[in-house]
Amino acid sequence: RYTHERVGGEFVTKYLGHKQTSNELLFRLDPTAEVNDHWTVKARLDAKTNPATDTGDDGNVKLKRAYAAGHYGITDINAGVIPYFSEQGVVLDDNLSGASVVIGADQKLTGTLMGGRINLGDTAVDGIDDQHANLFGLNLTWKATDSFTLAGEYYRLSAHDKYTDWNAADDSSNAQNIWGIGATYTVDKNFHANAGYWKNTDFDDTKYAHNPAHKGAADHAWNVELDYKGAEPENMHSFGLYAAYRYLGQGASIAPTFDGVDWGEKGWEVGGNYTFAKNVVGTLLYADGHKIQTGDNDRVRKGWARLEYFF
């Protein structure tokens, strides 16, 4: 897949001097191997290069995931270097070394337990803590009807550095507790909407939040999105559109999934995707917002495009 991104606005001009442009070409493989009727081994391999300079990150193919996936009735188990996607992807869309257990898969009430180690240096919060940290979480999802789903979740992050309590004598008071609730409503086969709110009840006491340079950093996040259809790789000429407003406070989000509005930003995001031919999908989006902690004077605008070939 090829991705092009261009970021501008008052914030970029003020701190970086000019608009920032990036290009990335990614080759990705997701191999699987069946062990038996209950277990499968899965992995992900990524190789990146910058087509503008013909250089990669380090010239190597990287192993991003490697885990065993088990399925027993209504229970799913993942163990190893696993992917994890939180409710609406606001708190986390990343990989971690650990395990997750889903109980009640595809049932009206589903519970997910997860835990492991995450490299914060590869996430959006690397400016707060760039070390490995323990992360544990619980998600409960209730499918009330065929059109309405309600979810609640909790995450406990035991981190370091600027996550430490500003008044603590050492690095022991560093636990961050993030609570969230989200809902999804399907209007019909074409339209669906989701919304949610998340809060870190400990972030305001951290060294990061108490630093005058970070005045205005937020301990909460919220997301509202409306979607129309969606491009399907196997169906040529299928397409999708969406509009969203996101507020991704620094304390409540670790590695958000979104390509438009970024961590520590608030603003509007609109986009769409289209299947040009079987397994060839293009995506465009535009985001217009501000940095949360510096206020409405630091505007950020982003244009983003991606072309993907599936096989």
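Since the structure is predicted, the reported quantities are computational estimates derived from the model, not experimental observations.
Between Ala69 and Lys42, the shortest heavy-atom distance links the atoms CB-CE, 4.2 Å. Taking each heavy atom of Val61 and Ala47 in turn, the nearest pair found is CG2-CB, 4.0 Å. What you find for Pro83 and Tyr67 is that their closest heavy atoms are CD-CE2, 3.5 Å. In terms of heavy atoms, Ala221 sits closest to Gly249 at CB-N, 3.8 Å. Heavy-atom minimum distance, Ile254 versus Thr123: O-CB, 3.6 Å.
For residues 114-135, no pair satisfies salt bridge (charged side-chain N to carboxylate O under 4.0 Å, His left out), with sequence neighbours left out. Listed by first and then second residue, the salt bridge (charged side-chain N to carboxylate O under 4.0 Å, His left out) pairs that reach into residues 85-106 come to none, sequence neighbours excluded.
To the nearest 0.5 Å, the span separating CG on Asn200 from CG on Asp205 amounts to 9.5 Å. Summarising the geometry, atom CZ belonging to Phe148 is positioned 7.5 Å from atom CH2 belonging to Trp142; distances are rounded to the nearest 0.5 Å. Taking CD1 of Ile292 as the start and CH2 of Trp263 as the end, the distance is 9.0 Å to the nearest 0.5 Å. Taking NZ of Lys162 as the reference point, atom NZ of Lys207 lies at 9.5 Å (rounded to 0.5 Å). With values rounded to the nearest 0.5 angstrom, Gln250 atom CD is found 7.0 Å from Ile128 atom CD1.
Under the 4.5 Å side-chain criterion, counting only non-hydrogen atoms from C-beta, Val125 is in contact with Tyr163. Looking at heavy atoms from C-beta onward, Leu284 lies out of side-chain contact with Asn273 at the 4.5 angstrom threshold. Within the 4.5 Å cutoff, side-chain heavy atoms of Leu96 are placed close to those of Met114. The shortest side-chain heavy-atom distance between Asn78 and Tyr84 does not fall under the 4.5 Å cut-off. In this structure the side chain of Ser158 never reaches within 4.5 angstrom of the side chain of Phe136, judged on heavy atoms. Two residues are said to be in side-chain contact when any heavy atoms from C-beta on lie closer than 4.5 Å; Leu45 and Phe27 fail this criterion. Side-chain contact between Leu285 and Glu269 is present, with heavy atoms from C-beta onward closer than 4.5 Å. The closest side-chain heavy-atom distance from Gln176 to Phe203 is below 4.5 Å.
A donor-acceptor pair is defined here as one N or O able to donate and one able to accept, closer than 3.5 Å; such a pair exists between the side chain of Ser253 and the backbone of Val90.
For the 3.5 Å distance criterion, the side chains of Asn194 and Tyr185 fail to qualify, holding no donor opposite an acceptor. In this model, a donor atom of one side chain and an acceptor atom of the other lie less than 3.5 Å apart for Asp202 and Asn177. For the residue pair Trp39 / Tyr72, a side-chain donor-acceptor distance below 3.5 Å is found, with atom types taken as modelled. Side-chain contact annotation: Thr40 with Thr32, donor-acceptor N/O pair under 3.5 Å absent. Using a 3.5 Å distance cut-off with no hydrogens or angles, the side chains of His71 and Asp76 do pair a donor with an acceptor. Of the N and O atoms on the side chains of Asp188 and Thr186, not one donor lies less than 3.5 Å from an acceptor on the other residue. Between Thr21 and Arg6, the side chains place a donor N or O and an acceptor N or O closer than 3.5 Å (distance only, hydrogens not considered).
Using a 4.0 Å cut-off between charged side-chain N and carboxylate O, Lys199 and Asp219 make a salt bridge. Comment: Asp288 does not engage Lys302 in a salt bridge, judged by the lack of any side-chain N to carboxylate O separation of less than 4.0 angstrom.
By the salt bridge (charged side-chain N to carboxylate O under 4.0 Å, His left out) test, Glu153 is found to be paired with no residue, residues two or more places apart in sequence or in another chain being considered. Residues passing the side-chain contact (heavy atoms from CB on, under 4.5 Å) test with Phe310, sequence neighbours excluded: Pro233, Asn279, Val281, Glu308. Considering only residues two or more places apart in sequence or on other chains, Asp46 meets the salt bridge (charged side-chain N to carboxylate O under 4.0 Å, His left out) condition with Arg28.
The number of heavy atoms from other shown groups lying within 6.0 Å of NZ (Lys215) does not exceed 12. For Tyr309, the OH atom counts as loosely surrounded, since its 6.0 Å shell holds 12 or fewer non-hydrogen atoms of other residues, nucleotides or ligands.
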Under 3.5 Å, which donor-acceptor pairs do the side chains of residues 225-232 form with other protein atoms, sequence neighbours left out?
unit_1, atom_1, unit_2, atom_2, d
Glu225, OE1, Arg246, NH1, 2.9
Glu225, OE1, Arg246, NH2, 3.1
Asp227, OD2, His192, NE2, 3.3
Glu232, OE1, Asn235, ND2, 2.3

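For Phe276 and His237, the ring centers are positioned 6.0 Å apart or more. When ring centroids are compared, Tyr197 and Trp222 stay outside the 6.0 Å threshold.
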(request) Could you walk me through whether Lys278 and Met236 pass side chain to side chain contact (heavy atoms under 4.5 Å, CB included), step by step? (result) CA-CA 5 Å; Lys278 185 178 180 180; Met236 188 170 62; 5.6 Å; no
